[in-house]
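The analysis underlying the following values was restricted to heavy atoms, covering all of them including side chains, and did not include hydrogens, waters or symmetry mates. None of the values given here were measured: they were computed from a predicted structure. Nothing fancy with the numbering, it's 1 onward along the sequence.
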Amino acid sequence: SKICIIEICSNRKYIHNNYYLHHLSVDVRYPKYNKKTPKSIINNFIIEKQDKAEIEKDIIEIQKILYPKKIIIVSHYNAKKNGKYLENRIQLINILNDICNENKIHFINPANIFNNIEQNKIINEDLGHYTNYGHQIFSDYVNKYIENNFSIN
């Protein structure tokens, strides 16, 4: 592939003894994913929030590692919970938009794709994963985006 699409869904780091963890390995909301994680880790990890500078540094490093491939950064869909947008997602989307604009990196905000579609048709109740319908619309959009913005010969 000449293009890598990178979805950034959170600005949180899950850390135990200076090791970074996948959030599912310690997120008690999803017990099927952390059955084998030792209780000592589940009970003693910390969460740190990345600031814009740290996120930007990570994105630039990823861009360097993947060069000469082009990257597209995709944010999480800004879902509503109880009729209100999730503030953490709004902040992250704005940070990603700014970073990508400042560094001339392609950025896709799914809210721009789904703005005229009811949320329950495109994203599951967990607010983190697309429905089959949402996935299809998003995939079609990304394919057209690539076709219109990159020469892939």
Side-chain angles (χ1 to χ4, degrees), residues 1 3-16 18-34 37 41-42 44-66 69-150:
S1 165
I3 300 169
C4 289
I5 300 170
I6 302 163
E7 183 181 28
I8 300 178
C9 299
S10 177
N11 58 354
R12 293 184 204 118
K13 298 183 292 187
Y14 294 74
I15 305 167
H16 182 264
N18 295 318
Y19 289 99
Y20 292 100
L21 309 169
H22 190 285
H23 74 96
L24 290 176
S25 71
V26 291
D27 193 332
V28 293
R29 297 175 301 170
Y30 307 103
K32 73 178 187 178
Y33 295 110
N34 52 52
T37 303
I41 293 174
I42 290 176
N44 293 298
F45 73 93
I46 60 169
I47 299 174
E48 291 181 1
K49 193 171 179 179
Q50 292 181 296
D51 62 16
K52 180 183 176 191
E54 189 173 3
I55 295 169
E56 183 170 26
K57 182 181 174 203
D58 287 347
I59 290 172
I60 299 304
E61 184 64 24
I62 290 167
Q63 188 179 40
K64 287 178 186 174
I65 290 169
L66 294 174
K69 295 179 182 190
K70 303 293 184 194
I71 65 169
I72 301 171
I73 300 294
V74 177
S75 69
H76 211 312
Y77 173 69
N78 191 17
K80 288 183 180 179
K81 184 175 184 178
N82 302 323
K84 293 184 178 186
Y85 287 110
L86 304 171
E87 188 59 36
N88 282 337
R89 286 196 191 170
I90 293 170
Q91 291 171 2
L92 181 59
I93 290 166
N94 290 336
I95 286 170
L96 293 173
N97 185 57
D98 291 347
I99 290 168
C100 290
N101 281 334
E102 292 164 10
N103 292 283
K104 296 179 178 46
I105 297 171
H106 289 267
F107 175 67
I108 296 175
N109 178 351
N112 297 332
I113 302 165
F114 300 124
N115 58 4
N116 294 320
I117 304 171
E118 293 175 41
Q119 178 174 298
N120 64 339
K121 290 184 179 178
I122 54 160
I123 197 160
N124 291 323
E125 288 181 23
D126 68 2
L127 304 181
H129 299 92
Y130 294 120
T131 62
N132 288 338
Y133 178 69
H135 189 284
Q136 186 60 54
I137 290 173
F138 184 75
S139 295
D140 290 346
Y141 177 89
V142 169
N143 287 333
K144 281 191 170 112
Y145 184 92
I146 291 170
E147 199 176 287
N148 293 333
N149 290 282
F150 298 93

Derivation and outcome, side chain to side chain contact (heavy atoms under 4.5 Å, CB included), residues Ile5 and Ile73 = CA-CA 6 Å; Ile5 300 170; Ile73 300 294; over 6 Å; no

Working to the nearest 0.5 angstrom, can you tell me the gap between [X] [atom1] and [Y] [atom2]?
| X | Y | atom1 | atom2 | answer |
| --- | --- | --- | --- | --- |
| Asn109 | Ser75 | CG | OG | 4.0 Å |
| Asn11 | Leu92 | CG | CG | 5.0 Å |
| Asn44 | Ile15 | CG | CD1 | 14.0 Å |
| Cys9 | His23 | SG | NE2 | 8.0 Å |
| Tyr30 | Leu24 | OH | CG | 7.5 Å |
| Ile71 | Phe107 | CD1 | CZ | 12.0 Å |

message = My understanding is that only residues two or more places apart in sequence, or in another chain, count here; which of them pass side-chain contact (heavy atoms from CB on, under 4.5 Å) with Tyr141?
response =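 Once residues adjacent in sequence are excluded, the partners of Tyr141 under the side-chain contact (heavy atoms from CB on, under 4.5 Å) criterion are Ile108, Ile113, Tyr145.
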
ask   = Looking at residues at least two apart in the chain, or sitting in another chain, which of them share a side-chain contact (heavy atoms from CB on, under 4.5 Å) with Ser139?
value = His135

query = Under the side chain to side chain contact (heavy atoms under 4.5 Å, CB included) criterion, do Asn88 and Lys49 qualify, and how do the steps go?
reply = CA-CA 10 Å; Asn88 282 337; Lys49 193 171 179 179; 3.6 Å; yes

message = Does Lys121 qualify as a cation-pi partner of Tyr133, given the criterion of NZ or CZ under 6.0 Å from the six-membered ring centre and within 45 degrees of its axis?
response = no

ask   = Under 6.0 Å from the CG atom of Asn143, do we count more than 12 heavy atoms belonging to anything else shown?
value =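 More than 12 within 6.0 Å, yes.
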
Run the side-chain hydrogen bond (donor to acceptor under 3.5 Å, both in side chains) test against [X] and tell me which residues pass, sequence neighbours left out.
| X | value |
| --- | --- |
| Asn101 | none |
| Gln119 | none |
| Asn124 | none |
| Asp27 | Arg29 |

ask   = Would you say Asp126's side chain and His129's backbone share a donor-acceptor pair under 3.5 angstrom?
value =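 Yes, the answer is positive, given that a donor and an acceptor are paired below the 3.5 Å cut-off.
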
Do any side-chain atoms of residues 55-64 form donor-acceptor pairs under 3.5 angstrom with protein atoms, and if so which ones, sequence neighbours left out?
{"residue": "Glu56", "atom": "OE2", "partner": "Asn103", "partner atom": "ND2", "Å": "2.7"}
{"residue": "Asp58", "atom": "OD2", "partner": "Gln50", "partner atom": "NE2", "Å": "2.8"}

task = Give the intermediate values and the outcome of side chain to side chain contact (heavy atoms under 4.5 Å, CB included) for residues Ile93 and Ile90.
result = CA-CA 5 Å; Ile93 290 166; Ile90 293 170; 5.9 Å; no

Go through the structure and list residues passing salt bridge (charged side-chain N to carboxylate O under 4.0 Å, His left out) with [X], not counting sequence neighbours.
| X | result |
| --- | --- |
| Glu48 | Lys13 |
| Asp51 | none |
| Lys52 | Glu102 |

query = Can you list the residues that meet the ring-ring contact (aromatic ring centres under 6.0 Å, His included) rule with Phe114, with sequence neighbours excluded?
reply = Tyr77, Tyr130

note = salt bridge (charged side-chain N to carboxylate O under 4.0 Å, His left out) pairs touching residues 86-101, sequence neighbours excluded, are none

Side-chain touch Ile72/Val74, heavy atoms, less than 4.5 angstrom = yes

